Amino acid sequence: MEEQIKQGISDALKALYSYDLAPNDVALQPTRKEFEGTYTFVTFPYARFSKKNPEETGNQIGTFLVENTEVISAFNTVKGFLNISISEASQLQSFVGMFNGKDISASSLFKAKPTGRTVVVEYSSPNTNKPLHLGHLRNNFLGNSVSRILKAAGNDVHKVQIINDRGIHICKSMLAWLKFGEGETPEASGLKGDHLVGKYYVAFDKAFKLEVADLMTKGFQKEHAEKEAPILLEAQEMLKKWESKDPEVYALWEKMNGWVYDGFNTTYEKMGVDFDQLYYESDTYLIGRDRVMEGLEKGVFFKKEDGSIWVDLTGEGLDEKLLLRKDGTSVYMTQDIGTALMRFDDYPGLNQLIYTVGNEQEYHFKVLFLILKKLGYDWASSCYHLSYGMVDLPSGKMKSREGTVVDADELMKEMANTAKSRTEELGKIDGFTTEQAGELYEMLGLGAIKYFLLKVDPRKRMLFNPAESIEFQGNTGPFIQYTHARISSILRKANQLGVSFDDIDFDRVNDIHQMEKDLIYALGQYPDKLKIAAETYSPAIIAQFVYDLAKDYNRFYAELSIFNESDKTLQQFRVALSALTAQTIKVSMGLLGITVPDRM
RNA sequence: GCACCCGUAGCUCAACUGGAUAGAGUACCAGAUUUCGGCUCUGGGGGUUGAGGGUUCGACUCCUUCCGGGUGCGCCA
């Protein structure tokens with residue numbers, strides 16, 4: 001439909017003013033509610049070719065369109081805005097095109113042409129020294145949703161993560177556990193593995209601070225004391241031992257990481273995210289180290305007097321960056337070089353590698369991509385940093401030291417509990433088993449968090465208001481889930497009453513209501529929105545779309561009755577419209593990683 | 001200090017990449033069910049888009065100078 005209008009406008013410009021504009025370059029926008037019409041074409045830019053004022057230009061084009069383009073029934077021009085009305089028959093035809101009779105899930109709406117591109121999306125990638133928190137939730141939901149969106153848009157997508165299982169941070173937890181742990185295990189204490197290891201990371205920090213304070217009373221400057229605290233030196237020693245594969249250290253490292261992985265897996269399962277392949281820093285840092293040495297030989301990097309290895313990016317407007325410490329151990333950058341290489345080896349023909357990482361690391365990735373380019377990998381230009389803003393709380397920044405971090409496990413549990421009390425108030429799930437009810441509460445609680453975190457433009461810093469996020473009204477996940485449940489109820493009733501749309505005769509549908517036209521238009525937007533969301537890596541586009549769709553449906557629902565409609569064909573049509581709306585909500589929410597219930 | 005990002009209704013967010021009188025939600029006020037799920041729907045007030053200047057038919061959007069906030073510039077990851 002849009003194509004036909006664009007073609008028509010292109011033809012009109014050519015015929016009237018001998019001006020060439022490819023149909024694809026015709027910019028159409030939806031007509032504002034207060035004006036009559038469906039699509040609007042802005043004529044200001046073309047007044048110079050028509051040699052008429054914008055309004056007259058609009059009138060001329062409009063007249064041409066009504067005469068020559070079948071789908072266009074009328075037009076009006078306000079200043080330089082040409083508002084185009086679509087004939088009812090064409091609108092219905094557009095619906096028939098989307099609607100696929102019995103098998104709605106196979107609707108042409110949801111079919112995207114394969115792009116032939118292979119994309120790897122990295123997300124999550126936690127450190128293994130503490131449990132996941134609210135910030136990780138945004139990361140996981142964003143990366144997972146972008147993966148789903150890219151896949152739906154026709155790409156071959158692989159979800160991966162790099163597990164930061166080595167480094168000084170895990171050594172700190174290990175050391176504190178040795179010193180203060182008295183052999184505590186998740187089994188014995190009943191504490192989730194990641195929480196247990198996190199507990200010792202905190203214990204390390206506490207001991208470290210005490211030592212620093214102690215040194216300062218002995219006359220050390222703060223900076224100096226922070227470098228000389230015995231427990232820190234011990235942790236650094238441990239890291240060196242780890243890199244030389246000291247058996248005792250290695251065994252402890254494997255044990256404690258094992259606890260963390262068990263804990264993480266439980267959390268991932270609750271979150272509803274998964275991965276096609278896992279990478280471990282402990283595997284990739286060696287590859288990175290080799291490539292750094294190679295780069296040194298080739299003269300891409302240089303060695304300082306103390307033996308540390310650096311890259312000089314002053315020519316690119318950046319500064320010098322460390323790649324290997326003087327003691328030969330690796331840094332963050334070292335292993336990231338190795339990880340990137342491994343991925344391009346693992347996925348031959350990879351077209352794009354997306355890193356879902358917070359915006360505080362923008363500089364890091366800028367440097368990483370430059371280094372890869374300097375090393376001669378031309379695929380470096382296909383690496384992309386999907387950068388997102390931090391999550392703030394009403395009280396301000398999350399700070400682990402001040403105990404204001406919102407724990408992921410706890411938050412998900414609380415939201416499910418809230419969903420429980422809300423649902424029980426409503427009393428619509430009689431007949432559910434305890435198990436079914438439990439699943440529903442988790443679906444609603446999780447939907448609320450996911451939607452809340454994904455509806456905001458990823459690039460922007462956002463505020464997570466716990467009180468507001470558990471509200472189930474307004475622009476929220478549960479509102480959309482509710483709408484789906486409501487439509488499902490309609491479809492169940494239609495089924496009971498034997499109202500089927502299998503044999504609907506669309507030729508006999510006429511005089512449809514504005515609400516119905518709005519709904520058809522909204523449904524037709526799906527492919528466009530998906531495309532934009534994929535191009536901009538933004539689930540927020542989908543969230544906005546599905547919210548608008550739900551609102552449109554609720555308006556339609558409030559205005560028009562289905563089962564009291566005496567015209568049987570119109571009744572069938574409304575059921576069909578409801579069915580396709582339900583499916584579109586389901587698919588769209590699916591792109592956000594949110595499931596929708598039939599009853600709630 | 002240097003670099004990048006952000007600033008829109010009381011609050012949380014939109015605005016189709018330069019288009020009409022800047023829209024939603026929330027909160028507040030007033031309404032709606034002899035109807036299929038009221039976690040719904042309708043209406044109302046609420047704005048100098050941080051400030052000034054520039055570009056043009058037209059600016060929240062682009063350029064520029066300020067102001068305010070954030071992040072980065074670790075032999076941390």
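Just so it is clear: chains get the letters A, B, ... in the order the sequence lines come, proteins before strands, and each one is counted from 1. Quick caveat, the model's predicted, so the values are computed rather than measured.
Considering only heavy atoms from C-beta on, Pro458(A) stays 4.5 Å or farther from Tyr537(A) through its side chain. Looking at Leu393(A) and Leu134(A), their side chains come closer than 4.5 Å, going by heavy atoms from C-beta outward. For the pair Gln161(A)/Pro126(A), a side-chain contact is recorded, criterion being any heavy-atom separation below 4.5 Å from C-beta on. Looking at heavy atoms from C-beta onward, Tyr553(A) lies out of side-chain contact with Leu577(A) at the 4.5 angstrom threshold.
Stacking of Arg138(A) on the aromatic ring of Tyr388(A) is not recorded, the 6.0 Å distance cut-off and the 45° axial limit not both being met. For the pair Arg599(A) and Phe432(A), the NZ or CZ position fails the cation-pi test of under 6.0 Å to the six-membered ring centre and within 45 degrees of the ring normal.
Atom P of nucleotide rU12(B) and atom CG of Leu454(A) are separated by 19 Å, given to the nearest angstrom. Here rU33(B) presents its P atom at 15 Å from CG of Asn564(A), a figure rounded to the nearest Å. The CG-C1' distance, from Leu491(A) to rC36(B), rounds to 11 Å in whole Å. To the nearest angstrom, P of rC6(B) lies 16 Å from CE of Met390(A). The interatomic distance linking Gln161(A) (CD) with rA77(B) (C1') rounds to 15 Å, in whole Å. Distance Ile541(A) CD1 to rU17(B) P: 11 Å, rounded to the nearest Å. Put simply, CD on Gln361(A) is 14 Å from C1' on rC73(B), counting in whole angstrom units. Taking atom CZ of residue Phe44(A) and atom P of nucleotide rA20(B), one finds them 10 Å apart after rounding to whole Å.
The base-pairing partner of rA3(B), taking Watson-Crick or G-U wobble contacts with both distances under 3.5 Å, is rU71(B). In this structure rG18(B) sits in no base pair that meets the Watson-Crick or G-U test at under 3.5 Å. rU55(B) is unpaired under the criterion used here, namely a Watson-Crick or G-U wobble arrangement in which both key atom distances are under 3.5 Å. Pairing partner, rG43(B): rC29(B), with both Watson-Crick or wobble hydrogen-bond distances short of 3.5 Å. The partner of rG23(B) is rC13(B), by the rule that a Watson-Crick or G-U pair needs both atom distances under 3.5 Å. For rC36(B), there is no paired nucleotide, since no Watson-Crick or G-U wobble pair has both relevant distances below 3.5 Å.
The residue Lys33(A) sits close only to the backbone: its heavy atoms come under 4.0 Å of sugar-phosphate atoms, none of a base. Counting any heavy atom pair closer than 4.0 Å across all strands shown, Ile168(A) reaches sugar-phosphate atoms only and no base atom. Contact annotation for Arg166(A): backbone-only contact, meaning every heavy-atom pair under 4.0 Å involves sugar-phosphate atoms and none involves a base. Among the heavy atoms of the strands lying under 4.0 Å from Leu560(A) is at least one base atom, whether or not backbone atoms are also near. Residue Pro30(A) is in base contact, counting any heavy-atom pair closer than 4.0 Å across all strands shown. Within the 4.0 angstrom heavy-atom criterion, base atoms lie near Asp598(A). Arg461(A) comes within contact range of the sugar-phosphate backbone alone, with a heavy-atom separation under 4.0 Å but no base atom that close. Residue Tyr363(A) is in sugar-phosphate contact alone, with no base atom involved, counting any heavy-atom pair closer than 4.0 Å across all strands shown. Residue Asn554(A) is classed as a sugar-phosphate contact, given heavy-atom separations below 4.0 Å to backbone atoms only. The residue Leu463(A) sits close only to the backbone: its heavy atoms come under 4.0 Å of sugar-phosphate atoms, none of a base. At the heavy-atom level, Thr334(A) lies nowhere under 4.0 Å from the strands shown. The residue Phe472(A) sits close to a base: some heavy atom pair falls under 4.0 Å. Within 4.0 Å (heavy atoms only), Ala494(A) reaches no atom of the nucleic acid at all. Note on Asp548(A): nothing from the nucleic acid sits closer than 4.0 angstrom, heavy atoms only.
The separation of rU12(B) from rU21(B), taken at their C1' atoms, amounts to 24 Å, rounded to a whole angstrom. A gap of 14 Å separates the C1' atoms of rA9(B) and rG44(B), to the nearest Å. The same atom, P, is picked in rU49(B) and in rC11(B); the two are 16 Å apart, to the nearest Å. For the P atoms, the distance linking rU8(B) with rC13(B) amounts to 9 Å, nearest Å. The P atoms of rG18(B) and rC6(B) are separated by 14 Å, rounded to the nearest whole Å. Distance check on atom P: rC66(B) versus rC2(B) gives 11 Å, rounded to whole Å.
Remark: ring of Tyr547(A) does not overlap the six-membered base ring of rA24(B) in a stacked fashion, as centroids less than 5.5 Å apart with planes less than 30° apart are not both met.
Comparing atom distances between the Glu360(A) side chain and each of rU71(B), rC4(B), rA20(B) picks out rU71(B) as nearest. In the set rU40(B), rC39(B), rG37(B), rU40(B) carries the atom at the smallest distance from any side-chain atom of Phe479(A). Looking at the side chain of Phe35(A), the nearest of the listed nucleotides rC36(B), rA20(B), rU71(B) is rA20(B). Of the candidate nucleotides rC73(B), rG37(B), rC75(B), rC73(B) has the atom nearest to the side chain of Asp319(A). Picking from rC39(B), rC36(B), rU21(B) the nucleotide with the shortest atom distance to the side chain of Tyr482(A) gives rC39(B). Comparing atom distances between the Met462(A) side chain and each of rC13(B), rC75(B), rG37(B) picks out rC13(B) as nearest. For Val456(A), the side-chain atoms get nearest to rC13(B) when compared with the rest of rC39(B), rC36(B), rC13(B).
Taking syn as a glycosidic angle within 90° of 0, rU17(B) qualifies as syn.
Taking a 6.0 Å sphere around CZ of Arg48(A), one finds it holds 12 or fewer heavy atoms contributed by other residues, nucleotides or ligands.
Put simply, Arg555(A) has a side-chain N or O that comes within less than 4.0 Å of OP1 or OP2 on rU42(B). The side chain of Arg325(A) contributes an N or O atom lying less than 4.0 Å from OP1 or OP2 of rC76(B). Applying the 4.0 Å criterion to OP1 and OP2 of rA14(B), one finds that Lys460(A) has a side-chain N or O inside that range. OP1 or OP2 of rA20(B) sits under 4.0 Å from a side-chain N or O of Arg32(A). Contact check, Arg486(A) against rG38(B): a side-chain N or O comes under 4.0 Å of OP1 or OP2. Phosphate contact (OP1/OP2 of rU35(B), side-chain N/O of Ser561(A), threshold under 4.0 Å): absent.
Rounded to the nearest 0.5 Å, atoms CE (Met600(A)) and NE2 (His484(A)) are 11.5 Å apart.
No salt bridge links Arg325(A) with Asp327(A); every basic N to acidic carboxylate O contact stays at or beyond 4.0 Å. At a threshold of 4.0 Å, the pair Lys366(A)-Glu316(A) does not count as salt-bridged, since none of the basic side-chain nitrogens sits closer than that to a carboxylate oxygen.
Between Asn164(A) and Ala550(A), the one whose closest nucleotide on RNA chain B sits nearer the 5' end is Ala550(A). Each of Lys551(A) and Asn465(A) lies near RNA chain B, and the nucleotide nearest Asn465(A) is the one positioned closer to the 5' end.
A donor and an acceptor atom sit less than 3.5 Å apart, one in the side chain of Asn83(A) and one in the base of rA20(B).
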